[in-house]
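Scroll down for the structure; my scribbles are underneath it.
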Amino acid sequence: MAVVNIVKPPIGQSPNLQGRAPRRGSVVVRSSPQGAVVGNRTEWLTSCAVLSSKVAALAPHSTNGHLALAAAAASNGAVLDLDPVKTINGSARNLPAPLRIADLSPAPMHGSELRVAYQGMPGAYSEKASVKAYPGSDAIPCDQFEVAFQAVENWIADRAVLPVENSLGGSIHRNYDLLLRHRLHIVGEVQLPVHHCLLALPGVRKEDVTRVISHPQALAQCEHTLTRMAGLNAAREAFDDTAGAAEYVAANGLRDTAAIASSRAAELYGMEVLADGIQDDSGNVTRFVMLAREPIVPRMDLPFKTSIVFAHDKEGTSVLFKVLSAFAFRDISLTKIDSRPHRPIRLAADDAGSGTAPKQFEYMFYVDFQASLADPRVQNALAEVQEFTSFLRVLGSYPMDMTPMAAGVASSDSSSAYSSS
Ligand SMILES: O=C(O)C(=O)C[C@]1(C(=O)O)C=C[C@@H](O)C=C1
């Protein structure tokens, strides 16, 4: 039986895998203790040169990015790998490296294409969602969710496309927390059928695999299938993103490790598909939201969704019931409700004076409903909600993704029959 060993990497650091080399093509820019690129004006300009050249290098057919990187390196001693062309199993891959926190200083942007930040590496599902949301855009990989938020805030990207929930794994709470901490607006949603494959280096068999690595959501979505898979007896470990896991196995020539990722990741990183369609349910869908610096104008002539977050102080009674009634009485359908602890409140010590006063959590409630902010029913409902709550924020009002899921749902059968080689 497989031993489940999910190790969540500390935020901003590499996952718990030993001997992981820095990614080729990565730029290490001198930074302040806070991680921001600072110093005198020359340093700042140099940092901007590094960033703008890095963004230039992100463009699929960029020709001058490497020269600019070399110039930047010469001027401030930044540690650079001047050979950003990856060679995996003999084939050259020129793939953009994910943005990191240190890359996030403002830089002049060129070109007219929409730049869309996503978390992960090329081949990640988030990249596919970005392309679905904004066909023809420039997808910018970021190494963390927070970097994608900051890329938009700092005008390095125009939009971010980030996962918020999955039909098997549930809410992606990290992004809900970030939505609250940042000031971006939800301007759209996109639902993506997620079809996972088990990938390994060519020639590796399931029996050789002692470890399966992937994004925690992907591991969760394949949990039962992996446990049941004949010939596989492997521990599981969390990685930053699915495609990054595939790249890690390939770049380090690991013959005892498999990755859960997309078939596109297999192609990009020279991996073979050991088993196809290994998600626990064929209707596995992840919902992504599109984020922008400005909200869009809500409309009434299209099916719209609105997302809000609210909190209430502990004095009120039946607050949740009252809030939900504000929508129910106006025939507004809710599509989602979720709660997140906001911060623990220490209550007064009890009469016995034990000194160990219990903590009670304060919650943030996230609600999505099927109506536009332009709808008078919604405005009345929100006015009422405001009376019962101590905090209310509209995260966005945006067109619903109406694309039929059936068209994109994974082709292999749900629970039992993944196809395996
Ligand atoms: O790792 C990736 O490929 C991602 O795009 C992230 C992510 C997620 O965060 O849920 C996106 C879709 C799938 O649900 C699995 C992983």
Side-chain angles (χ1 to χ4, degrees), residues 2 9 14-26 84-98 118-129 131 139 141 143 192-223 225-226 229-279 284 286 410-412 418-421:
S14 296
N16 183 24
L17 295 172
Q18 291 188 343
R20 185 171 189 202
R23 284 185 174 130
R24 290 164 63 89
S26 64
V85 177
K86 289 170 193 289
T87 306
I88 294 168
N89 294 337
S91 57
R93 315 263 172 207
N94 194 357
L95 300 172
Y118 69 93
Q119 187 267 336
M121 291 189 69
Y125 297 99
S126 297
E127 181 199 41
K128 195 170 178 188
V131 172
D143 71 349
L192 188 80
V194 173
H195 184 94
H196 290 300
C197 303
L198 188 67
L199 310 181
L201 285 174
V204 168
R205 298 163 314 132
K206 275 181 283 184
E207 290 72 16
D208 305 327
V209 171
T210 59
R211 181 173 62 162
V212 174
I213 62 174
S214 196
H215 187 281
Q217 273 283 336
L219 288 168
Q221 291 161 25
C222 302
E223 191 181 331
T225 314
L226 286 183
M229 194 180 287
L232 184 77
N233 184 5
R236 296 157 209 182
E237 277 186 25
F239 212 86
D240 292 348
D241 69 287
T242 57
E247 190 260 4
Y248 176 73
V249 173
N252 292 284
L254 302 177
R255 302 192 69 77
D256 62 350
T257 306
I260 299 174
S262 62
S263 54
R264 173 169 148 78
E267 281 166 30
L268 286 176
Y269 304 113
M271 307 274 286
E272 252 170 30
V273 175
L274 276 184
D276 193 359
I278 58 165
Q279 63 282 356
N284 185 30
T286 299
S411 51
S412 39
Y418 57 86
S419 60
S420 171
S421 54

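We count residues from 1, following the sequence as given.
- Closest approach of A261 and A243 over heavy atoms only: CB-N, 4.4 Å.
- Taking 4.5 Å as the limit, every side-chain heavy atom of T257 sits out of range of all side-chain heavy atoms of N252.
- Side-chain atoms of L201 and M271, non-hydrogen and from C-beta on, do get closer than 4.5 Å to each other.
- Evaluation of the side-chain contact (heavy atoms from CB on, under 4.5 Å) rule for S214 yields A218, L219, T242, I260 as partners, not counting sequence neighbours.
- To the nearest 0.5 Å, atoms OG1 (T225) and CD1 (I278) are separated by 7.0 Å.
- Pairing each heavy atom of G244 with each of D241, the nearest pair is N-OD2, 2.9 Å.
- One finds the NE2 atom of H195 at 8.0 Å from the OH atom of Y125 (value rounded to the nearest 0.5 Å).
- Applying the salt bridge (Lys or Arg N to Asp or Glu O under 4.0 Å) criterion to D208, with sequence neighbours excluded, gives R205.
- Between P122 and E127, some side-chain heavy-atom pair lies under the 4.5 Å cut-off.
- Closest approach of L192 to A129, counting heavy atoms only: CD2-N, 4.2 Å.
- L199 CG to E247 CD: the interatomic distance, rounded to the nearest 0.5 Å, is 13.0 Å.
- Between the OH atom in Y248 and the CE atom in M121 there is a gap of 13.0 Å [rounded to 0.5 Å].
- A250 and Y269 get closest at one heavy-atom pair: CB-O, 3.3 Å.
- The heavy-atom pair separating K206 from L232 by the smallest distance is O-CD1, 3.9 Å.
- Interatomic distance, CG of D143 versus CD of Q119, reported as 8.0 Å (0.5 Å rounding).
- In this structure, C197 and S263 approach most closely via the heavy-atom pair SG-N, 4.0 Å.
- In this view, Q221 and N166, H196, Q217, N284 satisfy the side-chain hydrogen bond (donor to acceptor under 3.5 Å, both in side chains) rule, not counting sequence neighbours.
- Listed for the R255 side chain is no donor-acceptor partner under 3.5 Å among the backbone atoms of V209.
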